[in-house]
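Data first, discussion second: the structure below is written as structure tokens.
Below, each value reflects all heavy atoms present in this structure, side chains not excepted, and no hydrogens, waters or symmetry copies. Remember, predicted model here, so these are calculated numbers, not experimental data.
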2 protein chains.
Amino acid sequence: MVTLYDVASRAGVSIATVSRVLHGHGAVREDTRVRVSAAIEELGYVPDGAAQSLARNRKDVIGLVCAEHSGLKPDQYDIESMSLMFYDEVMRGVEARIRERNLSLLITFLREDETLGAPEPEGGPVDARLRELSGKVDGLLIGEGILAPHALAKHARRMPLVVIAGDTAQKGTDMVSADNGSGARALAEHLIVDHGKRRLFHIDGPVTAPDAAARRMALQEVVEANPGTVVVGTYTGRFSVASGQAGTERLLAAGGPLPDALVCANDQMAIGALHALAAAGIRVPQDIAIVGFDDIFPASLCDPPLTTVHQPIRMLGERACDRLIARIADPAMRTKLELLPTELVLRSSCGCPPGPARRREIKPVPRRKPAAAPALAAVTVGVGAVAAKSPLLPTTER
Amino acid sequence: MVTLYDVASRAGVSIATVSRVLHGHGAVREDTRVRVSAAIEELGYVPDGAAQSLARNRKDVIGLVCAEHSGLKPDQYDIESMSLMFYDEVMRGVEARIRERNLSLLITFLREDETLGAPEPEGGPVDARLRELSGKVDGLLIGEGILAPHALAKHARRMPLVVIAGDTAQKGTDMVSADNGSGARALAEHLIVDHGKRRLFHIDGPVTAPDAAARRMALQEVVEANPGTVVVGTYTGRFSVASGQAGTERLLAAGGPLPDALVCANDQMAIGALHALAAAGIRVPQDIAIVGFDDIFPASLCDPPLTTVHQPIRMLGERACDRLIARIADPAMRTKLELLPTELVLRSSCGCPPGPARRREIKPVPRRKPAAAPALAAVTVGVGAVAAKSPLLPTTER
DNA sequence: TTGGTCCTTGTAAACGCTTACATTCTCGGC
DNA sequence: GCCGAGAATGTAAGCGTTTACAAGGACCAA
């Protein structure tokens with residue numbers, strides 16, 4: 001291994017001078033600079049990152065912890081796992097920011113079976129992995145649902161940490177999330193106001209999922225705000241295609257008049273519903289409208305293409321990264337919850353005319369203040385520039 | 001920051017003892033061990049990764065360098081960029097291996113505009129990024145086409161390095177790649193032998209792409225080996241949906257009898273071809289058969305579902321990682337090119353009956369020895385276990 | 001008791017870098 | 001030719017670990 005000493009002795013200077021040349025810091029005479037540069041080049045010297053970190057007292061590395069589906073074999077890499085793309089895109093957002101600042105990105109996947117279930121006991125495997133990780137980074141970005149709140153808080157006390165797409169009710173931790181509530185609200189209003197749908201059937205997500213909760217609450221608010229509108233039934237699915245299909249089959253089996261629209265808590269379940277309806281010979285959107293949520297890639301491919309809500313996933317990564325870097329710089333900064341605006345994507349499954357998708361920016365709607373959480377340090381709703389320039393539900397062709 | 005010294009003084013021992021407890025190395029009396037563990041826990045001590053790396057003289061980190069498409073905005077995250085999933089899946093393979101050995105994974109994306117074009121001058125941006133990276137890792141995994149061969153060789157001399165899916169003609173560097181040749185050969189044989197197609201039209205990839213070259217060569221060999229079979233025309237596309245569509249439109253515009261089949265160098269172009277044919281009212285596979293390559297996710301969704309060749313992408317990551325770890329352990333090891341077997345995925349676009357995809361393992365076919373490269377250090381073709389148990393083109397239902 | 005073994009623990013020297021501070025040059029003004 | 005100010009360079013003290021080696025204790029046999 002080539003070290004500073006090797007370069008120094010080759011160039012006939014001290015290691016301090018080599019270091020100065022390397023970073024262009026102190027003043028170095030031009031001819032020495034040239035001599036040293038030559039030595040560096042000839043020896044192929046590359047500074048040792050570990051030694052630099054130690055001496056500078058910072059690692060210039062930030063860690064990203066993603067939740068990975070468990071036991072997924074390569075050939076099962078199907079629509080269910082498309083949600084994997086969530087972290088892939090988050091990662092790209094993070095990486096873009098990281099790079100601008102000359103930092104590095106350390107990635108860890110946590111398997112589903114490691115992360116779910118009861119709050120992990122102290123010293124469990126996830127806890128241990130996280131500890132080890134934290135010795136190698138300046139700060140941590142953690143995806144939703146990876147750690148139980150108390151464990152999260154514990155780690156956050158020890159090191160800079162930002163949660164991505166977490167439970168927005170949780171306080172005292174930096175968090176960046178998509179504005180599920182406003183998205184779901186806009187979607188419901190589109191169905192009810194624009195398309196005059198009155199009788200809705202709700203294919204809900206799991207009760208444990210915080211984003212499902214936000215979407216559910218928004219739907220209810222819109223329904224309440226529009227007299228004559230009613231949720232004729234709810235099926236609690238598991239965010240999978242199969243459960244969307246099952247829920248729809250059960251709805252059909254129950255008989256009675258069809259509802260006007262099926263509101264699905266995510267795209268996968270909407271796709272499942274589409275399958276079930278097609279099998280029953282029911283036409284979408286003529287006989288019944290369907291909407292999803294998330295705008296996963298296949299949403300634009302199915303028949304009819306799905307009206308849904310797009311999440312700014314990559315931006316989630318960027319913002320979370322910005323926040324983390326800010327916190328590393330100032331550990332005393334107040335914690336914040338930042339909600340990013342979503343976007344309505346109108347395709348034809350809701351009854352809109354076929355053709356290219358139309359997109360609507362969604363103006364963030366201040367959430368009902370959660371009764372039990374008045375002490376939230378700060379809430380940033382939406383993002384200045386984007387929110388400011390968008391009037392309520394403008395339609396923009398792209 | 002809590003250090004070894006803090007723990008040591010709290011437990012009333014020396015730092016050496018704390019270190020021993022931490023790693024369970026030397027003998028430590030039970031009661032001291034307990035005392036030290038308690039101190040560690042109470043103080044929330046986490047060893048500093050940089051200091052450990054420095055003292056141990058290894059980083060326990062490996063780097064993965066991926067090529068990212070440039071200027072891709074979030075809402076353009078469409079089928080063209082599905083190839084991004086390539087690295088996402090490679091990454092998961094790598095991560096799986098990394099984790100088993102308690103290493104960490106450092107990720108860097110290189111943008112297309114940084115990586116393409118003429119061999120980069122010394123000290124260019126990519127070179128600089130790579131240098132910096134290499135100070136932080138024990139070894140590097142580099143994706144195809146990121147560095148010009150000579151630059152690659154230069155870096156490989158300086159540190160352990162394995163190329164993923166690179167130009168298989170290049171020698172002297174460790175490389176793990178999918179067996180494009182055997183895959184393309186099997187696909188062509190399926191069309192010609194099993195379906196009796198005789199007149200093929202080839203929608204080829206860019207001349208600069210090494211995998212396109214491998215596929216092209218295999219197609220030609222199969223055609224030559226089957227008298228009466230002919231490639232009636234070739235269109236050189238750019239691996240995009242649009243170019244597949246354009247190539248097909250040009251074929252149709254030329255008039256004359258339709259060929260029996262369209263052999264596309266990747267799935268994206270096959271999908272473009274499908275669009276063009278549908279627009280012209282030509283039925284697939286009744287009027288013409290189509291096959292793609294890569295088995296990207298949407299290949300199973302289009303109409304008709306695409307017959308194609310599946311690449312073991314995740315395994316690519318795993319093998320490359322294994323190889324890298326081996327090289328780190330033994331830098332003097334001979335370099336190897338490892339080709340992983342591909343898999344034929346039979347759906348209905350080739351004329352096979354509709355229904356669930358059938359998959360065929362592909363027995364690796366030794367490649368024609370490239371005339372100009374006899375000095376290849378070693379060639380491993382296929383993978384022992386898989387290759388051994390599969391007779392020529394067995395059909396396996398899954 | 002004494003000497004010799006183990007077992008346990010402590011001491012101190014790396015590891016390769018950054019950087020505060022000390023030292024040596026260089027050079028213009030007198 | 002000398003002085004002083006700045007510029008250029010060198011010296012050395014960390015940074016937080018690991019680990020070779022030394023040293024101290026406990027215990028047993030003689």
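Contact check, B:Tyr5 against D:dC15: no side-chain N or O comes under 4.0 Å of OP1 or OP2. Taking side-chain N and O atoms only, B:Gln52 has no distance below 4.0 Å to OP1 or OP2 of D:dG16. Checking the phosphate oxygens (OP1, OP2) of D:dT18, no side-chain nitrogen or oxygen of B:His25 falls inside 4.0 Å.
Rounding to whole angstrom units, CG of residue B:Leu54 and P of D:dC15 are separated by 14 Å. For A:Asp48 and D:dG16, the CG to P distance is 17 Å, given to the nearest whole Å. Distance, B:Leu4 CG to D:dT19 P: 12 Å, rounded to whole Å. Going from atom NZ of B:Lys59 over to atom C1' of D:dT18 covers 15 Å, rounded to whole Å. Remark: C1' of D:dT17 and CD1 of B:Ile40 are 13 Å apart, rounded to the nearest angstrom.
Interatomic distance, CD1 of A:Ile107 versus CD1 of B:Ile98, reported as 12.0 Å (0.5 Å rounding). Interatomic distance, CD1 of B:Ile62 versus CD1 of B:Ile325, reported as 6.5 Å (0.5 Å rounding). Between B:Ile164 atom CD1 and B:Arg323 atom CZ the span is 11.5 Å, to the nearest 0.5 Å.
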Task: Residues A:Arg327, A:Asp322; criterion salt bridge (charged side-chain N to carboxylate O under 4.0 Å, His left out); working and verdict - done: CA-CA 9 Å; A:Arg327 173 152 305 285; A:Asp322 291 345; over 6 Å; no
- [ ] List the steps, then state whether side chain to side chain contact (heavy atoms under 4.5 Å, CB included) holds for B:Arg35 with B:Val13.
- [x] CA-CA 9 Å; B:Arg35 207 150 27 97; B:Val13 298; 4.1 Å; yes
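Backbone-only engagement by B:Thr3 is indicated by non-hydrogen atom pairs under 4.0 Å involving sugar-phosphate atoms exclusively. Within 4.0 Å of B:Asn57, counting heavy atoms only, lies no atom of the nucleic acid at all.
A salt bridge does not link B:Arg314 with B:Asp88: none of the charged nitrogens is closer than 4.0 Å to a carboxylate oxygen.
Defined by atom type and a distance below 3.5 Å, a donor-acceptor pair is present between the side-chain atoms of B:Ser104 and A:Lys136.
Residue pairs meeting the salt bridge (Lys or Arg N to Asp or Glu O under 4.0 Å) criterion with at least one member in residues 8-25 of chain A, sequence neighbours excluded, are A:Arg10-A:Glu42.
Nucleotides of DNA chain C lying under 4.0 Å from heavy atoms of chain B occupy a range whose first and last members, 5' to 3', are C:dT8 to C:dG16.
In this structure, the side chain of A:Asp174 engages the main chain of A:Lys336 through a donor-acceptor pair within 3.5 Å.
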For nucleotides 6-12 of chain D, give me every protein contact, N/O to N/O, under 3.5 Å, one pair per line with atom names.
{"residue": "D:dT9", "atom": "OP1", "partner": "A:Thr32", "partner atom": "OG1", "Å": "2.8"}
{"residue": "D:dT9", "atom": "OP2", "partner": "A:Arg29", "partner atom": "N", "Å": "2.9"}
{"residue": "D:dT9", "atom": "OP2", "partner": "A:Thr32", "partner atom": "OG1", "Å": "3.1"}
{"residue": "D:dG10", "atom": "OP2", "partner": "A:Ser14", "partner atom": "N", "Å": "2.7"}
{"residue": "D:dG10", "atom": "OP2", "partner": "A:Ser14", "partner atom": "OG", "Å": "3.1"}
{"residue": "D:dG10", "atom": "OP2", "partner": "A:Thr17", "partner atom": "OG1", "Å": "2.9"}
{"residue": "D:dG10", "atom": "N7", "partner": "A:Arg20", "partner atom": "NH2", "Å": "2.8"}
{"residue": "D:dG10", "atom": "O6", "partner": "A:Arg20", "partner atom": "NH1", "Å": "3.3"}

